[in-house]
Participant: 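Quick one: this structure, given as structure tokens, is what I'll be asking you about.
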Amino acid sequence: MTSAFEHKSTVEEIRTHFDANVERFSNLETGQVAAIDSLVHMDVLTTAAQAVNPGATNVLDLGCGAGNYTLKLLQRFGDTPPERVTLVDLSRPMLDRAVARLAEAVPGVAVEAVQADVRDFDFGESRFDVAMAAQCLHHLRGDDEWEAVFSKIFRGLTPGGSLWIADSLAYHQPQVHRMMWERWGRYLEKIDGPEYRDRFFAKVEKEDTPRPLSWQLDLMRRVGFAGPDVLHVNSRFASFGGTKALPVSSVQNRTAPSTNA
Ligand SMILES: C[S@@+](CC[C@H](N)C(=O)[O-])C[C@H]1O[C@@H](n2cnc3c(N)ncnc32)[C@H](O)[C@@H]1O
């Protein structure tokens with residue numbers, strides 16, 4: 001890990017934390033309660049992913065937790081779900097829960113569960129049609145790690161495949177960052193009072209290193225993604241995604257929408 005981040009949680013500490021928190025990420029009706037607009041993000045992200053890649057056969061969920069995003073995405077495909085889902089997470093208990101929930105909800109879909117750090121996962125080349133990363137990438141530290149992971153995701157997508165991210169944000173301007181932090185604080189306080197808010201903030205301070213939305217969008221463009229499009233932003237949380245551009249010949253063959261109607 002980059003030395004500037006030595007005071008932050010290690011990968012082992014993050015794994016231990018999530019091993020003990022499976023229940024918090026196992027409810028499709030509430031999503032992750034502590035994240036503002038959690039259900040909205042899950043809704044727009046999975047709807048957009050299915051709309052952009054309606055024929056997806058291979059789906060990747062990075063930092064899948066207990067499988068909420070994959071479960072929601074598979075609902076979007078109705079009777080023609082992708083053939084295979086690859087789940088990646090540091091936490092074995094999270095993966096076990098995700099596998100069990102998927103086996104019950106979509107028994108026909110092949111599920112591969114990989115216990116790995118996203119930094120080390122072998123994305124291969126052109127393997128996945130849709131990649132999702134929800135509330136996971138803010139655990140990356142230095143620019144080098146962000147760039148390496150975004151580049152590997154890009155390589156691992158099929159041409160025309162897409163990456164969708166829902167995550168917490170930092171803000172460039174300290175005043176705006178503080179303001180957004182305070183807004184989130186008021187939201188957490190409403191859930192379970194000031195002590196809960198303070199405990200949560202202490203955990204975030206130790207564990208997370210989020211990046212500004214514009215920084216992540218620039219990085220996506222730099223590694224090759226077309227778009228990206230922002231789907232929803234509310235204070236410290238955003239969802240957005242982009243496409244691995246099709247080869248030029250396929251783009252040229254796209255026809256304009258019909259105007260005969
Ligand atoms: C906040 S939870 C979100 C889970 C799920 N995506 C959701 O939104 O319900 C973050 C998940 O990312 C996993 N995670 C954190 N850092 C990771 C890393 N470097 N590599 C793989 N998984 C990671 C954690 O174990 C945890 O399950």
Side-chain angles (χ1 to χ4, degrees), residues 1-2 5 8-46 49 59-75 85-102 105 112-123 130-142 144-150 152-153 156 163-169 184 188 200 203-204 206-211 231-232 236-241:
M1 188 188 299
T2 319
F5 300 101
K8 289 285 182 178
S9 302
T10 62
V11 169
E12 194 49 48
E13 285 167 339
I14 294 171
R15 177 186 302 120
T16 305
H17 166 76
F18 283 107
D19 280 355
N21 277 275
V22 175
E23 219 50 56
R24 260 195 328 119
F25 297 95
S26 300
N27 189 332
L28 207 53
E29 305 307 316
T30 62
Q32 184 185 354
V33 175
I36 297 175
D37 284 356
S38 171
L39 290 178
V40 179
H41 289 293
M42 194 153 51
D43 180 14
V44 289
L45 186 152
T46 55
V59 166
L60 174 66
D61 189 348
L62 297 165
C64 64
N68 271 355
Y69 270 76
T70 293
L71 281 162
K72 185 56 85 178
L73 179 70
L74 293 182
Q75 285 180 1
V85 165
T86 303
L87 307 172
V88 179
D89 204 286
L90 285 177
S91 163
R92 176 51 64 188
M94 286 285 195
L95 286 165
D96 290 346
R97 178 67 66 89
V99 169
R101 293 172 81 205
L102 285 163
E112 184 186 8
V114 183
Q115 186 179 15
D117 186 330
V118 291
R119 300 170 185 87
D120 305 327
F121 177 66
D122 179 9
F123 291 85
V130 170
M132 301 185 291
Q135 301 301 332
C136 169
L137 299 178
H138 62 250
H139 296 106
L140 296 174
R141 302 301 189 215
D144 50 341
E145 294 183 1
W146 284 85
E147 290 186 21
V149 170
F150 275 51
K152 286 199 283 185
I153 296 172
L163 166 65
W164 302 96
I165 296 172
D167 218 333
S168 57
L169 303 173
W184 190 22
L188 291 171
F200 210 89
K203 193 234 29 131
V204 168
K206 178 86 178 103
E207 197 171 271
D208 299 355
T209 41
R211 294 299 179 107
L231 305 174
H232 183 67
R236 281 185 51 101
F237 298 91
S239 44
F240 52 98

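For ligands, and for the atoms within them, numbers begin at 1 and follow the listed sequence.
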Participant: May I ask you to identify the nearest protein heavy atom to atom 20 (N) of ligand 1, giving residue, atom name and distance to one decimal place in Å?
Facilitator: V118 N, 2.9 Å

Participant: Do E112 and L87 touch side chain to side chain, with heavy atoms closer than 4.5 Å?
Facilitator: no

Participant: With a 4.0 Å cut-off on heavy atoms, is R119 in contact with ligand 1?
Facilitator: yes

Participant: Determine, for F5 and K8, whether the Lys NZ or Arg CZ falls below 6.0 Å from the six-membered ring centre while staying within 45 degrees of the axis.
Facilitator: no

Participant: Taking atom 13 (C) of ligand 1 as the point of reference, which of D61, L28, D89 owns the nearest heavy atom?
Facilitator: D89

Participant: Begin with the C-alpha distance, continue with both residues' side-chain angles, and end with the deciding distance and a verdict on side-chain hydrogen bond (donor to acceptor under 3.5 Å, both in side chains) for R97 and S26.
Facilitator: CA-CA 8 Å; R97 178 67 66 89; S26 300; 3.0 Å; yes

Participant: Starting from atom 15 (C) of ligand 1, which protein heavy atom do you reach first, and at what distance in Å?
Facilitator: H139 ND1, 3.3 Å

Participant: Identify the closest protein heavy atom to atom 19 (N) of ligand 1: which residue and atom is it, and at what distance?
Facilitator: D117 OD1, 3.0 Å

Participant: Going by heavy-atom distance to atom 23 (C) of ligand 1, choose the closest among L140, D167, L90.
Facilitator: L90

Participant: Of the side chain and backbone of Q135, name the one, both, or neither that has a heavy atom under 4.0 Å from an atom of ligand 1.
Facilitator: both

Participant: Measure A166 to ligand 1 on non-hydrogen atoms and call it side chain, backbone, both or neither using the 4.0 Å cut-off.
Facilitator: neither

Participant: Could you walk me through whether D96 and R92 pass salt bridge (charged side-chain N to carboxylate O under 4.0 Å, His left out), step by step?
Facilitator: CA-CA 6 Å; D96 290 346; R92 176 51 64 188; 3.7 Å; yes

Participant: Could you walk me through whether F240 and H41 pass ring pair (Phe, Tyr, Trp, His ring centres under 6.0 Å), step by step?
Facilitator: CA-CA 9 Å; F240 52 98; H41 289 293; 9.6 Å; no

Participant: Among D120, T16, D117, exactly one meets side chain to side chain contact (heavy atoms under 4.5 Å, CB included) together with V11. Which residue is that?
Facilitator: D117

Participant: For atom 7 (C) of ligand 1, which protein heavy atom lies nearest, and how many Å away is it?
Facilitator: Y69 CD1, 4.1 Å

Participant: With under 30° as parallel and over 60° as perpendicular, where do the rings of F150 and W146 fit, or are they tilted in between?
Facilitator: tilted

Participant: Decide whether S168 and R236 meet the rule of one side-chain donor and one side-chain acceptor closer than 3.5 Å.
Facilitator: no

Participant: Which of these, S38, P93, G63, S9, has its nearest heavy atom closest to atom 4 (C) of ligand 1?
Facilitator: G63

Participant: Got an N/O contact under 3.5 Å between F18 and ligand 1?
Facilitator: no

Participant: Report the part of A133 (side chain from C-beta onward, or backbone N, CA, C, O) that has a heavy atom under 4.0 Å from ligand 1; answer both or neither where that applies.
Facilitator: neither

Participant: For M132, which of L62, L60, D61 qualifies under side chain to side chain contact (heavy atoms under 4.5 Å, CB included)?
Facilitator: D61

Participant: Considering only protein heavy atoms, which is closest to atom 3 (C) of ligand 1, and at what distance to one decimal place?
Facilitator: A134 O, 3.6 Å

Participant: With sequence neighbours excluded, what pairs up with D167 under the side chain to side chain donor-acceptor pair (under 3.5 Å) test?
Facilitator: H138

Participant: Which of the atoms of ligand 1 are close to M94, meaning less than 4.0 Å from one of its heavy atoms?
Facilitator: 27 (O)

Participant: Identify the protein heavy atom lying closest to atom 21 (C) of ligand 1, giving its residue, its atom name and the separation to 0.1 Å.
Facilitator: A116 O, 3.3 Å

